[in-house]
Amino acid sequence: MKTAIIVQNLRCGGCVNTITTKINALENVHNVTVDLESSTISFTAEDALDALSVKETLKKLGYPSIEDDNGVLLKAKSFVSCATGKIT
């Protein structure tokens with residue numbers, strides 16, 4: 001099932017690298033693409049539970065979907081994820 005999630009806090013190539021690496025590592029999730037301009041993460045998931053797993057992983061990394069709250073803690077997490085993505 002093809003799915004797309006619009007996220008918050010997506011700023012640069014470091015963010016894209018982190019998101020791509022972490023989401024590609026999930027089981028039953030394939031064809032991950034990140035559109036920096038539209039802040040959209042697209043992927044193919046085996047089922048709805050796998051798609052929810054992607055959404056939760058993104059939130060843990062600091063990139064909540066647009067319908068989720070985006071507090072200071074998530075913004076800080078995205079900053080760390082971004083920096084990690086720039087290093088690797």
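These numbers were taken from a predicted model, which means no experiment stands behind them. Numbers here simply count residues along the sequence, with the first being 1.
Side-chain contact between Glu46 and His30 is present, with at least one heavy-atom pair separated by less than 4.5 Å. The side-chain heavy atoms of Lys86 and Asn17, taken from C-beta on, include no pair separated by under 4.5 Å.
One hydrophobic cluster, built from ILVMFWY side chains closer than 4.5 Å, cannot hold both Val16 and Leu74; they sit in different ones. Under the 4.5 Å side-chain heavy-atom criterion for ILVMFWY residues, a single connected hydrophobic cluster contains both Ile5 and Leu10. Grouping the Ile, Leu, Val, Met, Phe, Trp and Tyr side chains by contacts below 4.5 angstrom, directly or via other members, places Leu58 with Leu36.
For the side-chain contact (heavy atoms from CB on, under 4.5 Å) with Val7, the qualifying choice from Thr40, Val34, Ile41 is Ile41, the only one to do so. With respect to Asn24, the side-chain contact (heavy atoms from CB on, under 4.5 Å) criterion is satisfied by exactly one of Ile19, Val32, Val29: Val32.
Taking CD of Glu67 as the start and NZ of Lys55 as the end, the distance is 4.0 Å to the nearest 0.5 Å. The OH atom of Tyr63 sits 11.0 Å away from atom NZ of Lys22, with the distance rounded to the nearest 0.5 Å. With rounding to the nearest 0.5 Å, the separation of CG in Asp69 from CD in Gln8 is 8.5 Å. Note that the OG atom of Ser81 and the NZ atom of Lys60 stand 12.5 Å from one another [nearest 0.5 Å]. Note that the NZ atom of Lys59 and the OG atom of Ser78 stand 13.5 Å from one another [nearest 0.5 Å]. One finds the OG1 atom of Thr57 at 4.5 Å from the CG atom of Leu26 (value rounded to the nearest 0.5 Å).
Atom CD of Glu27 is surrounded by 12 or fewer heavy atoms from other residues, nucleotides or ligands within 6.0 Å. Annotation for Asp47: atom CG counts as buried by contact number, over 12 foreign heavy atoms lying within 6.0 Å.
When all heavy atoms of Ala51 and Phe43 are compared, the pair lying nearest together is CA-CE1, 3.9 Å. A pairwise comparison of heavy atoms in Ser42 and Lys2 identifies CB-NZ, 4.2 Å as the closest pair.
For the residue pair Asp68/Ser65, the side-chain donor-acceptor check at 3.5 Å is satisfied.
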Just do the side chain to side chain donor-acceptor pair (under 3.5 Å) check on Asp50 and Ser53 with the steps written out, would you?
CA-CA 5 Å; Asp50 295 321; Ser53 176; 5.9 Å; no
Determine whether Thr3 and Thr44 satisfy the following criterion, side-chain contact (heavy atoms from CB on, under 4.5 Å), listing intermediate values before the conclusion.
CA-CA 6 Å; Thr3 305; Thr44 303; over 6 Å; no
May I have the step-by-step check of side chain to side chain donor-acceptor pair (under 3.5 Å) for Asn9 and Asn70, ending in yes or no?
CA-CA 8 Å; Asn9 304 331; Asn70 187 24; 2.9 Å; yes
